[in-house]
2 protein chains.
Amino acid sequence: MPSSREKLNYTPSIRRMPSYLTIIRAFQRTGEPYISGTYIANELNLEPIQVRKDLSITGIIGKPKKGYPVEPLIQAIEHYLGWDVEKAATVIGAGNLGSALTGYQEFRNHGMKIVAVFDTDPLKIGTTVHGVPVYSMDSLPSVARELGIAIAILTVPSPFAQSSCDAVVAAGIKSIWNFTTVKLKVPDDVVVQREDLSSGYALLSVMMRTRLNRQLSEQ
Amino acid sequence: MPSSREKLNYTPSIRRMPSYLTIIRAFQRTGEPYISGTYIANELNLEPIQVRKDLSITGIIGKPKKGYPVEPLIQAIEHYLGWDVEKAATVIGAGNLGSALTGYQEFRNHGMKIVAVFDTDPLKIGTTVHGVPVYSMDSLPSVARELGIAIAILTVPSPFAQSSCDAVVAAGIKSIWNFTTVKLKVPDDVVVQREDLSSGYALLSVMMRTRLNRQLSEQ
């Protein structure tokens, strides 16, 4: 288990893993058994040494001249991320962002299946969002248990963030993906990833200012 | 102007800048003239040395025992990001994600004003999204010129990503925030930031697997 300091250094590498998966899976369709680090680097506008460093975290090392074996590389990345085991997830808050995330196809490819949406609006409860049923917040504990929900994606308005989080924790869900601007208070055994949509905008802003002519993908 | 390699190292720091701003602005309300790096570090679950390193990029250095002067620190971060100059932006695609981003209040605090939404759906054209008018894609060149649009936020379905991007570039917009899964082909003078919603999920996934009991905010 890496220390928190090691974790910090790993974070940009982990962020890039989904992009690696996308590139390598697309390459897999060519039928070639090996993929070169340089090819991956070019596709993502990264330095080849960065790609080698990132991929080594998953425990796989490329062969000189040949590159990485495609199938084992995909498996190593998926295993590193835990995406080889399907997890049930729920979206809390059936607003625009909640609906967008519920309909986001990529999550399915990454082992996350959104099985329920929760809201407090009587007009939304009983309807579906992209085919996923919307339940009342009151039924969170029973539905979470029944469907084995492991992840809660929090998209409620910020004033309701902590109370929704408390309900999620009380329902036994231990992993929260927090799209609100609130720093949540959670017990020690609950993990929270806060998503700040402004952080990508900060990168774009610096590129605009410096006019670095590079297309960055999740760096 | 930093080299691309330096830029790579800066990227996680730039990603954290919006979180710094949020913390420091909230602290500003206390009326205290100085904020300590340790306080900021605690609020964001970062190491104090990381905070000092990040903030030094904006050109500001803390004073021993006192910390950072609050007002100049906010100004330095905003200036570094170019957020001290308001920019007009447009959202291309009036779907769920496009609507969510159009209504996202934080962008206003960061100097980005979404002034127009574009779509091809006749049922959406002429309506508003969170008070912002929805225009036909055909009127992109004229509206972009008239409103001085500098940034396009691309939220169309992936099959329409490149053609929408081409229309944006033809309309003279030089900065694209790309929420599609497509790697866009653009002229050298156009900057693109690709946003992959899966990248935050990758971080959550590793935390779930390793059960690191830390609440991470944009690391």
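First the proteins, then the strands, lettered A, B, ... as listed; each starts at 1. Since the model is a prediction, treat every value here as computed from it, not as a measurement.
For His130(A), the part sitting under 4.5 Å from any heavy atom of chain B is the side chain, from C-beta outward, and nothing else. With a 4.5 angstrom heavy-atom cutoff, Thr181(A) touches chain B only via side-chain atoms. For chain A, the nearby part of Tyr104(B) is the side chain; its heavy atoms alone come within less than 4.5 Å. Only the side chain of Ile151(A) comes within contact range of chain B, judged by heavy atoms closer than 4.5 Å. For Leu101(A), the part sitting under 4.5 Å from any heavy atom of chain B is the side chain, from C-beta outward, and nothing else.
Considering only heavy atoms from C-beta on, Val91(B) comes within 4.5 Å of Thr155(B) through its side chain.
Heavy-atom pairs under 4.5 Å with chain A peak, among Pro187(B), Ser175(B), Gly111(B), Gly82(B), at Ser175(B). When the candidates Ile153(B), Leu97(B), Leu81(B) are compared by the number of heavy-atom contacts under 4.5 Å with chain A, Leu81(B) comes out ahead. Taking Ala100(B), Gly95(B), Gly98(B), Ala150(B) one by one and counting their heavy-atom pairs under 4.5 Å with chain A, the maximum is reached by Ala100(B).
The salt bridge (Lys or Arg N to Asp or Glu O under 4.0 Å) check on Arg25(B) picks up Glu78(B), with sequence neighbours excluded. Checked against salt bridge (Lys or Arg N to Asp or Glu O under 4.0 Å), Lys174(B) has the following partners two or more places apart in sequence or in another chain: Asp189(B).
Between the side chains of Asn109(B) and Gln105(B), not a single donor N or O lies within less than 3.5 Å of an accepting N or O.
Both tests pass for Arg209(B) against the ring of Tyr80(A): distance under 6.0 Å to the centre and angle within 45° of the axis.
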Task: ring-ring contact (aromatic ring centres under 6.0 Å, His included) evaluation trace for Phe107(A) with Trp177(A) - done: CA-CA 13 Å; Phe107(A) 296 152; Trp177(A) 195 7; 5.6 Å; yes

